Structure formats: C-alpha cells, structure tokens
Novice: 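Below are the structure tokens for one structure; questions will follow.
Not measured: the values here are computed from a predicted model.
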Amino acid sequence: ANGTWTKPQGLKRAMIVCIGAGGAGGSGRCDAAGTNRFGGGGGGGAAVVWRQLAATDLTATVAVTIGTGGTGGTGVSTVATNGNAGTAGGDTSFGALVIAKGGRNGAGGTGSSGAGGVGGSSTTGTPIAGPYALTGSGGGSGQSGSGSAGAEGLGGTSSTSGGGGGGGINSGNTNATAGGSGGGIYSNGIVTSGPTSGASPNGVANQSNFLFFSSSLTSGKGLGTGGAGGFPPSTNAGSGGNYGSGGGGGYASLTGTLSGAGGNGGGGLCLVMEIY
C-alpha cells in the first residue's frame, strides 16, 4: 500500500526494487453473424527497476506509491460495437529515486484486430535501461480465432508477464476454442508456465521471487504470471498475478449477447532491503 519509508538509525545502504502494476485486457467485439469478431488484447506487464543507494543519498523520509492494477474493459452487446479497452497499470515509485512504469492496456476487439498492450517501459522510469531496469512483456493479441499467448517475463531483457489475447468468432461463425495463455515467468533460469484459458484463467502470484537475487531475502514476494484470455461463448478472461502481470483479453460475441470483459492487471510492489 502507499506509505512513507523512514530512514532508520545506523543505515549504511539500501537496495530498492519497484514493480509497476500490470495493464488490463480489453473486451471483445460484438457484431452480427457473418462478420469477423475479434477478442480483446491482453494487458502488458510492468517494468521492474532496481537501485542501490548510500544512506547519505536518502532523505529522512521517502514517499512510496504503489501502482494499482488496470481494470479490464467492460463487455458490449450492441451490433457492430467494438470492445472497450482496459486501463493501464499504475507506476510504482520510491520518491523520485526509483520509478517503475506500469504495463499498458489491451485494446478492445474490433472487426479486424485486438491489439495487446505493450509492457511498461524501462526507458521512461528511473533509473533508465541497463541491467537493473527491465521493460515488461507485451500482452497477446485478440483474434477472430484462438487468442495469442502473452509474452513470458524475465526472459532476456523483459521482466513481468503479459496477459493472453481473447478468442473471437470468424465470418464463418466458428467460435474460437481457446483464448491465449497467460505469459509464464522465469525464476532462476526455470520457466513457470502461465495459465491456459478455461476454468482457472487467473495468473498465479509470486512465481519468481529472486527480486534480491535470493528467494530467502525476498520473503516469498515475487512476479506473477499473466492472466489467460477468454473465449466464446462464455469463458472468462483471467486477471494477472501479483506482482505486475497483465490481464487477459475478453471474448467476442454475437449481437444481443454480452461480450467478455478483460481481466484486471496485477498490482505493483516496492521492497526495500536495508543494509547496516
């Protein structure tokens, strides 16, 4: 939660990690039979930023702001209506010293696309780029068939996981049989797969807890997997797992039937390791 960090007596250094909040998925398009109806795009994962500071670089108190996960786009039921975009995830910050950007929202499904949200950028936070500032992974795109999978987190130069895209309905009136899987997450070189669409689409929290390069130092907190996309006629999208992952995209629908809402993004987190 938002709060204030107070510098303790005897502190020598502090290692701070901030995780932005995940973007939410968009809802699917609603339209008449014989048209292409795309599911909504999955939300993007947030940036993760680390910084080590001397006690002398820190003021007596520092304001801490925790990003709120994006809210999934609401469904639509009117003919020839595009889905609603989700909202972006909020930024997480430790004063002005460490800022991790939230993941961007997935777009609502249209008659030709369902764009996934991009990951929170490492180049617009603080500090920028380098090995201690990683951009979030992108969300999968919604389709008129089965949705695309969200991108994995902590693979190469990415951090948190994206949500899967929503499934849709093609002009031949064939429903997709799956939404896109939620993005998985790497932890110590081993990948944990994200959820598949269906009965358990929500991302799983705290799957990569090497935020201080040691799972014991992080005390069980970590990065979650992305939420899976939904698929028609009524299978819901999943929300992103804590912390920082994107929500899945919602499914498309036939006129008069409410399309699927997008999943919510996972919340942000700030951890401070004090060194005496």
Side-chain angles (χ1 to χ4, degrees), residues 17 19-25 39-48 69-70 72 86 89 100 102-104 106 114 116-120 122 134-143 146-167 177-211 213 215 218 220-231 235-249 262-269:
V17 59
I19 304 166
V48 181
R104 309 311 297 171
V118 299
S122 63
L134 299 177
T135 292
S137 297
S141 58
Q143 302 289 335
S146 297
S148 299
E152 291 176 342
L154 285 183
T157 58
S158 61
S159 57
T160 53
S161 307
T177 57
S181 299
I185 191 77
Y186 281 90
S187 180
N188 201 26
I190 299 171
V191 67
T192 298
S193 298
T196 57
S197 59
S200 301
N202 292 328
V204 181
N206 301 318
Q207 293 303 290
S208 181
N209 57 1
F210 281 75
L211 297 174
F213 316 106
S215 58
T218 307
K221 302 296 184 185
L223 306 177
T225 60
F231 63 96
T235 301
N236 292 329
S239 295
N242 281 341
Y243 292 91
S245 294
N264 299 329
L269 178 71

Novice: What pair of heavy atoms forms the shortest contact from Ala47 to Gly120, and how long is it?
Specialist: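 That closest heavy-atom pairing would be CB-O, 3.5 Å.
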Novice: Could you check whether any side-chain heavy atom of Pro195 comes within less than 4.5 Å of a side-chain heavy atom of Asn202, counting everything from C-beta outward?
Specialist: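 In short, these two side chains do not touch, never coming nearer than 4.5 Å.
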Novice: Can you tell which of Leu269, Thr160, Thr192 makes a side chain to side chain contact (heavy atoms under 4.5 Å, CB included) with Leu223?
Specialist: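 With Leu223 as partner, side chain to side chain contact (heavy atoms under 4.5 Å, CB included) holds for just one option, Thr160.
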Novice: What is the minimum heavy-atom distance between Ala21 and Gly69, and which atoms define it?
Specialist: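 So the two residues come closest at CB-N, 3.6 Å.
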Novice: Can you tell me if Ser197 uses its side chain to pair, donor with acceptor, with the backbone of Gly179 under 3.5 Å?
Specialist: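 Answer holds: yes.
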Novice: Answer yes or no: is there a donor N or O on one side and an acceptor on the other, between the side chain of Asn264 and the main chain of Gly72, under 3.5 Å?
Specialist: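 Indeed, once roles are kept as given, a pair shorter than 3.5 Å links the two residues.
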Novice: Which pair of heavy atoms, one from Ala46 and one from Gly22, lies closest together, and at what distance?
Specialist: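 Heavy-atom minimum between the residues: CB-N, 4.4 Å.
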Novice: Locate the shortest heavy-atom distance separating Gly226 from Ser161; write the atom from each residue and the value.
Specialist: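 That closest heavy-atom pairing would be N-CB, 3.5 Å.
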Novice: How long is the span from the OH atom in Tyr243 to the CG atom in Asn206, to the nearest 0.5 Å?
Specialist: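 It is 5.5 Å, given to the nearest 0.5 Å.
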Novice: Are the side chain of Ser245 and the backbone of Gly224 linked by a donor-acceptor contact shorter than 3.5 Å?
Specialist: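 Indeed, once roles are kept as given, a pair shorter than 3.5 Å links the two residues.
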Novice: Counting N and O atoms only, with roles assigned by atom type, does the side chain of Ser159 sit under 3.5 Å from a partner on the main chain of Thr135, one being a donor and the other an acceptor?
Specialist: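 A pair under 3.5 Å: yes.
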Novice: Could you walk me through whether Ile185 and Val191 pass side chain to side chain contact (heavy atoms under 4.5 Å, CB included), step by step?
Specialist: CA-CA 5 Å; Ile185 191 77; Val191 67; over 6 Å; no
Novice: Enter the distance from Leu211:CG to Lys221:NZ here, rounded to the nearest 0.5 Å.
Specialist: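 These two atoms lie 11.0 Å from each other.
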Novice: Grab the two heavy atoms, one from Gln207 and one from Ala205, that are nearest each other, plus how far apart they are.
Specialist: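 Looks like NE2-O, 3.0 Å.
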Novice: Can you tell me if Asn242 uses its side chain to pair, donor with acceptor, with the backbone of Gly267 under 3.5 Å?
Specialist: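 Such a contact is found between Asn242 side chain and Gly267 backbone.
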